[in-house]
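Everything on this sheet refers to the single structure shown next.
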Amino acid sequence: MGDDVSIRVAAADDWDAIHRLLSMAFHDVAEDEMRQVEGSVYEPERGLVATNGSAVVGHAAAYTRELTVPGAILPAAHVTLVSVAPTHRRRGILSRMIRRQLDDIAAGGREPIAVLWASEGRIYPRYGYGLAAQRLTLSAKTRELALPGSPRDKSELRLVDPGQAVGELTKLYEQLRAERVGWSSRDDRWWRFVLADNATLRRGATELHGVVHDGPDGPTGYATWRTKGGWDDTGPTGRVQVHEVVAADPETYASLWRFLFGIDLARTLHATYLPVDDPLTHLVTEPRQLGTKLQDGLWIRIVDLPGALAARRYAAEVDVVLDVTDGHFEANTGRWRLTGGPDGAACVPSGDPADLACTSVELGAAYLGGTSLASLAAAGRVRELTPGALNRASLAFGWHRMPAPLQIF
């Protein structure tokens with residue numbers, strides 16, 4: 001039952017053993033370069049290690065970052081690097097680590113939500129996480145589609161070395177972050193992590209390339225990408241691997257994508273982190289040739305229910321009493337009156353009859369505006385107790401743009 005396994009806070013000198021465990025769990029090669037890259041953002045004081053004697057047999061961690069949510073930027077525990085050794089599965093070690101981690105986040109008192117990317121979607125709802133943001137992936141045939149209109153003067157585009165242009169990239173990212181639900185904060189350490197460019201990350205492709213779009217008053221967007229060459233009997237079969245596209249306006253956005261689709265000797269373009277409502281699907285001449293697939297992205301766990309619901313903004317005025325069940329945090333369980341709108345919100349205990357009933361999982365799923373309460377109700381996961389309350393609350397919890405999961409952490 002795992003009684004021989006203890007759980008403690010990680011120390012800096014645990015990192016090598018932790019990295020070996022993670023490499024085994026995620027089937028990666030435990031190379032020194034990646035150990036250093038991933039270790040550069042590791043926060044040992046927020047790591048938990050499960051040990052059997054001197055052996056590290058489990059691990060879970062969190063990063064201290066902010067997350068953009070509808071109408072606000074919040075501190076959010078970015079949960080990551082979760083694994084259990086194959087010799088110690090099915091002993092309850094994962095549950096012990098995740099539950100302790102949730103307690104630690106709550107005790108810290110500053111992060112009302114936790115967020116993660118799930119290796120397997122069936123795992124984390126058990127601990128109160130809801131699927132809050134899906135994403136599109138592209139596997140596009142570049143010769144079968146185009147962006148309408150003629151390409152503009154290429155003088156507005158400037159090739160850069162991403163590592164050398166990090167100041168420009170950071171400025172653009174920060175200008176836009178407050179409006180991009182699903183984006184996480186990036187300090188200097190995180191920019192070095194995002195732009196890391198070693199052989200393991202390249203996986204046979206080129207170094208990371210960058211291009212900046214200049215407007216009349218300075219840069220208005222950037223894109224980063226790699227390419228991987230190839231040839232067959234018919235000629236070139238190169239592949240463009242898009243890393244990020246960040247744009248302040250529609251003209252910049254179209255220009256950057258037109259550039260990426262027009263890279264010489266490439267026949268396919270792949271991107272893995274686009275929002276479900278990405279404008280590209282409305283720009284290209286043949287959307288079917290984008291080869292889009294829908295995958296899961298960000299999972300949200302409500303830690304401090306009244307704090308989390310009061311911190312975000314709502315697309316329409318809302319006044320609803322929620323009957324919430326939380327299998328871990330007793331303080332979240334009960335009836336809560338949520339009132340608010342685009343300019344602010346409040347969430348307080350209530351003795352009034354409930355309008356909707358759900359668990360913390362559904363509130364996590366709806367939190368970023370990417371999963372509607374009405375859809376969850378259609379799946380039998382939210383119950384409407386007052387006629388009309390579901391439609392009003394579902395509209396309020398939505399947002400004008402879908403969340404944009406930009407980077408796995």
Side-chain angles (χ1 to χ4, degrees), residues 12 15 19 22 31-47 61-69 73-81 111 115-117 133 135 157-203 205-215 218-227 241-248 252-253 256 259-260 271-275 297-298 403-409:
W15 177 241
H19 191 259
L22 295 168
E31 295 182 346
D32 287 344
E33 284 184 320
M34 286 309 301
R35 178 173 54 81
Q36 294 170 8
V37 168
E38 293 170 347
S40 69
V41 292
Y42 183 62
E43 301 174 42
E45 68 278 7
R46 301 205 68 177
Y63 298 128
T64 305
R65 303 178 72 182
E66 296 174 334
L67 182 72
T68 302
V69 305
I73 295 177
L74 299 185
H78 284 54
V79 173
T80 187
L81 306 180
E111 296 166 323
V115 57
L116 57 76
W117 290 80
R135 61 188 169 107
L157 295 173
R158 172 167 46 93
L159 290 173
V160 297
D161 177 336
Q164 297 298 319
V166 65
E168 290 182 295
L169 308 191
T170 300
K171 183 177 180 180
L172 283 164
Y173 188 89
E174 288 300 316
Q175 286 174 351
L176 301 176
R177 180 163 66 95
E179 297 297 324
R180 303 296 170 92
V181 173
W183 283 19
S184 298
S185 58
R186 293 177 179 174
D187 59 17
D188 290 344
R189 294 175 312 126
W190 274 100
W191 273 105
R192 288 193 294 271
F193 178 86
V194 169
L195 299 178
D197 194 25
N198 59 48
T200 302
L201 290 167
R202 293 175 186 175
R203 298 184 185 275
T206 66
E207 69 273 17
L208 191 66
H209 300 299
V211 65
V212 170
H213 183 282
D214 290 313
T220 58
Y222 70 83
T224 53
W225 77 97
R226 305 180 195 276
T227 57
Q241 300 171 185
V242 177
H243 190 64
E244 287 187 354
V245 177
V246 169
T252 300
Y253 187 81
L256 289 170
F259 169 83
L260 292 167
T272 51
Y273 305 111
L274 300 181
L298 298 177
L406 191 62
Q407 172 214 353
I408 287 182
F409 48 83

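Note that these values count all heavy atoms, side chains included, but never hydrogens, waters or copies made by symmetry.
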Inset, instruction - Give the intermediate values and the outcome of side-chain hydrogen bond (donor to acceptor under 3.5 Å, both in side chains) for residues S40 and R192. - result: CA-CA 9 Å; S40 69; R192 288 193 294 271; over 6 Å; no
Inset, instruction - Supply the atom-to-atom distance L201 CG to L208 CG, rounded to the nearest 0.5 angstrom. - result: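 The CG atom of L201 sits 9.5 Å away from the CG atom of L208.
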With a 4.5 Å heavy-atom cut-off, do [X] and [Y] have their side chains touching?
| X | Y | answer |
| --- | --- | --- |
| V246 | T252 | no |
| L67 | H78 | yes |
| L159 | F259 | yes |
| R135 | L298 | no |
| Y42 | L81 | yes |

Using atom types as modelled and distance alone, determine if a side-chain donor or acceptor of [X] lies under 3.5 Å from a backbone N or O of [Y].
| X | Y | value |
| --- | --- | --- |
| H19 | G39 | no |
| D197 | E207 | no |
| Q407 | V194 | no |

Inset, instruction - Would you please name every residue forming a side chain to side chain contact (heavy atoms under 4.5 Å, CB included) with L172, sequence neighbours left out? - result: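 Partners of L172 under the side chain to side chain contact (heavy atoms under 4.5 Å, CB included) test: Q175, P219, Y222.
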Inset, instruction - For A205, enumerate each residue passing the side chain to side chain contact (heavy atoms under 4.5 Å, CB included) test, keeping only those at least two apart in sequence or located in another chain. - result: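 For A205, the residues satisfying side chain to side chain contact (heavy atoms under 4.5 Å, CB included) (neighbours in sequence not counted) are R226, K228, Q241.
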Inset, instruction - List for me each residue that meets ring pair (Phe, Tyr, Trp, His ring centres under 6.0 Å) alongside W190, sequence neighbours excluded, and say none if there are none. - result: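 Expected list: Y63, F193.
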Inset, instruction - Give me the ring orientation class for W117 and Y273: parallel if the planes are under 30° apart, tilted from 30 to 60°, perpendicular past 60°. - result: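 Rings of W117 and Y273: perpendicular, over 60°.
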Legend entry - Lys/Arg N to Asp/Glu carboxylate O, R186 vs E244, below 4.0 Å: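 Answer for the salt bridge query: yes.
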Inset, instruction - Answer yes or no: is there an ion pair linking E168 with K171, defined by an N-O contact shorter than 4.0 Å? - result: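 So E168 does not pair with K171 through a salt bridge.
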